[in-house]
Amino acid sequence: MAGSVRILGTRQLITLAHRLRAAGGPRLQRNMSRRIRRAAEPLQKYLQQAIRTVQLPGSGRTVRGGPTANTRPLRATLAGGIRISVRQTGNPGARVWMDKGRLPRDLRNMPWVIDEGRVRHPVFGNRRHWTTQWARPTGWWSRTVQSGLPRMNQEIERITDDVRRDLE
């Protein structure tokens with residue numbers, strides 16, 4: 001299921017956040033935030049690429065119609081909603097998430113629906129005629145996160161080790 005990916009609350013990050021605050025190094029804090037964000041950016045890019053390449057084939061029409069009345073590109077709109085946030089206080093870490101606020105109201109649940117693989121919707125807005133489309137491949141969010149998370153974890157461990165060395 002689509003959701004957010006969080007790397008936070010680890011003992012190393014909490015300890016480093018306290019030490020950074022105690023050292024009073026805003027330059028170190030900015031540097032650490034920037035590096036953590038850079039560690040999360042590849043996962044964001046992979047997720048955006050994954051949603052752009054998901055296929056939603058139609059069931060086919062017997063009569064060819066004209067272009068869709070909806071000119072909004074679905075996959076590009078969903079890709080634009082994938083965001084990164086970095087925190088250093090409270091629960092420090094990085095989060096890659098789908099910002100539902102950046103999506104149009106009628107598409108707010110679409111990332112999760114596509115991740116499950118079955119998209120059921122009215123045909124051109126006609127609520128008397130419905131169709132089902134199957135996303136291929138399914139699990140665009142969950143599979144991408146599962147493959148990208150180990151690399152992100154390794155990078156953040158490397159960053160925390162570097163910052164810890166700078167503080168010593």
Open item on the list: Is the shortest side-chain heavy-atom distance between T131 and H121 below 4.5 Å?
Closed with: yes
Open item on the list: So T77 and R102, do their side chains get closer than 4.5 Å, heavy atoms only?
Closed with: no
Open item on the list: Tell me every residue that passes salt bridge (Lys or Arg N to Asp or Glu O under 4.0 Å) with R151, counting only those two or more places apart in sequence or in another chain.
Closed with: none
Rounded to the nearest 0.5 Å, how far does [atom2] of [Y] lie from [atom1] of [X]?
X    : Y    : atom1 : atom2 : value
I82  : W141 : CD1   : CH2   : 5.5 Å
L47  : R83  : CG    : CZ    : 14.5 Å
L56  : L74  : CG    : CG    : 6.5 Å
I51  : M110 : CD1   : CE    : 9.5 Å
W134 : R118 : CH2   : CZ    : 5.0 Å
I159 : I36  : CD1   : CD1   : 5.5 Å

Open item on the list: Please check if the number of heavy atoms outside E41 that lie under 6.0 Å from its CD is greater than 12.
Closed with: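 Check passes, neighbour count above 12.
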Open item on the list: With a sphere of 6.0 Å drawn around CZ of R120, does it hold more than 12 non-hydrogen atoms of other residues, nucleotides or ligands?
Closed with: yes
TODO: Could you name each residue pair satisfying side chain to side chain donor-acceptor pair (under 3.5 Å) that touches residues 42-57, not counting sequence neighbours?
DONE: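 Of all non-adjacent pairs touching residues 42-57, none passes side chain to side chain donor-acceptor pair (under 3.5 Å).
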Open item on the list: side-chain contact (heavy atoms from CB on, under 4.5 Å), that's the test. Do I114 and L78 meet it? Break it down for me.
Closed with: CA-CA 10 Å; I114 292 175; L78 296 178; 3.7 Å; yes
On a heavy-atom basis, which atom in [X] and which in [Y] lie closest, and how many Å separate them?
X    : Y    : answer
A40  : M152 : CB-CE, 3.7 Å
A94  : I156 : CB-CD1, 4.4 Å
I84  : W97  : C-NE1, 4.1 Å
E155 : A39  : CG-CB, 3.3 Å
R108 : L103 : NE-O, 3.4 Å
M98  : W140 : CE-CH2, 3.9 Å

Task: side-chain contact (heavy atoms from CB on, under 4.5 Å) evaluation trace for D162 with M32 - done: CA-CA 9 Å; D162 289 350; M32 184 173 164; over 6 Å; no
